Amino acid sequence: MTAMTAQKTSALSVSRLVKTFDVSAPWLNRVVERKPRQLLQAVSDISFDVPLGGCLSLVGESGCGKSTVARLVTGLYKPNGGEMRFAPGHDGKPLSAQMIFQDPYASLNPRWRVKNIIAEPIRELKLRKTKAEVDDRVMELLKTVGLSASDGDKFPHEFSGGQRQRISIARALAGEPEFLVCDEPTSALDVSVQAQVLNLMRRLQDQFGLTYLFISHDMSVVRHMSDRIAVMYLGRIVEEGETEALFAKPRHPYTQLLLQTIPNIEKPHRDRVVAGGEVPSPLKPPSGCPFHPRCPIATARCSAELPDVRTLSNGTRIACHLAEDA
Ligand SMILES: Nc1ncnc2c1ncn2[C@@H]1O[C@H](COP(=O)(O)OP(=O)(O)OP(=O)(O)O)[C@@H](O)[C@H]1O
Ligand code: SF4
Ligand SMILES: [Mg+2]
């Protein structure tokens, strides 16, 4: 009974996911220069659940593996290990995830009129029968994302960054998805435009009951969007919990560090680089807890032993030897 309820409330359950890239030099160079094969573990033993009709965000500094997780979930990459279980959608078949990318310009065909860009998934998936029905649907989608019918006749370059992201959202919605993976969908936009696009995405989530796996390096953006947040560091989740709990009382030293980088209205020019030094190379991850070289409270145990993921009494999951329960 419990297992069934769990399945019903998670759109996606990811368990012990691993993705390794072979970044070795070409074979001949390796032989001549006697270099070993080099493997980069971009995603190391990651588990999370995306709540059905809700939003889980992945957050962390550049290179921590967020986009790799997005690509695994959308099937663009095959995992080297672990499992992904999608709940059944409205049609009874397992949900599949549709991706919205950071750079809307790169993902929109520059030579196509916007109405054809949006119509493509409708035609491809045969979601409408006649040309008139497809046209009507395109008009409806343009309105849904706050664009006008006449915008359909224009080309992508005639729009601003925010409008282009609205076009890619309309295109994603055209396939009638139930689950969207949004990889930094607003990080290329100005702050004011960012807020408009995020508000649109929240409205669409309510209107269509969408499930989001949302990705950002920006804690203030994920706070606005998420029911739950998973903080990633060097390919692992170090803390995962309910959004307000995480903001009210971050338990992991890395989460605490990240929260210090949120822009502050009183100090808008504060240095936003995360303190405590650079992220180590994922080619040579530190021993023990991968965060130990930057951790202000690390002990000898931290450099020797990888912390297990523990679940605290409030449901937060954490990977730290020293983090205490409430
Ligand atoms: N196709 C690939 N081949 C080799 N290495 C890769 C590949 N894709 C990602 N990586 C490496 O895997 C690690 C994780 O990269 P990923 O793009 O998932 O990080 P990210 O968290 O999305 O970063 P960003 O915030 O910069 O987008 C990085 O070290 C990256 O260099
Ligand atoms: S395990 Fe140790 S090094 Fe890692 S975050 Fe916790 S205290 Fe810091
Ligand atoms: Mg990325």
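Both counts, for ligands and for their atoms, begin at 1 and track the order of listing. Here the structure is a predicted model, which is why all the values come from computation and not from measurement.
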Step-by-step salt bridge (Lys or Arg N to Asp or Glu O under 4.0 Å) determination, K143 to E140: CA-CA 5 Å; K143 274 196 211 124; E140 185 182 53; over 6 Å; no
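The proximity of C320 to ligand 2, defined as any non-hydrogen pair under 4.0 Å, involves the side chain as well as the backbone. Only side-chain heavy atoms of H252 come within less than 4.0 Å of ligand 2; its backbone N, CA, C and O stay farther off. Neither the backbone nor the side chain of D183 comes within 4.0 Å of ligand 1, counting heavy atoms alone.
Distance screen at 4.0 Å: atom 31 (O) of ligand 1 has no protein heavy-atom neighbour inside the cut-off. Using a 4.0 Å threshold on non-hydrogen atoms, atom 9 (C) of ligand 1 counts as touching the protein.
In terms of protein heavy-atom proximity, atom 11 (C) of ligand 1 is nearest to L40 CD2, 3.8 Å. Among all protein heavy atoms, the one lying closest to atom 19 (O) of ligand 1 is G65 N, 3.3 Å. Scanning the protein heavy atoms around atom 18 (O) of ligand 1, the nearest turns out to be T68 OG1, 2.6 Å. Considering only non-hydrogen protein atoms, atom 13 (C) of ligand 1 sits nearest to G63 O, 3.6 Å. Taking atom 5 (N) of ligand 1 as the reference point, the nearest protein heavy-atom neighbour is F21 CD1, 3.5 Å.
Using a 4.0 angstrom heavy-atom cutoff, G60 does not count as in contact with ligand 1.
Atoms of ligand 2 found under 4.0 Å from any heavy atom of H292 (numbered from 1 in listed order, with element): 3 (S).
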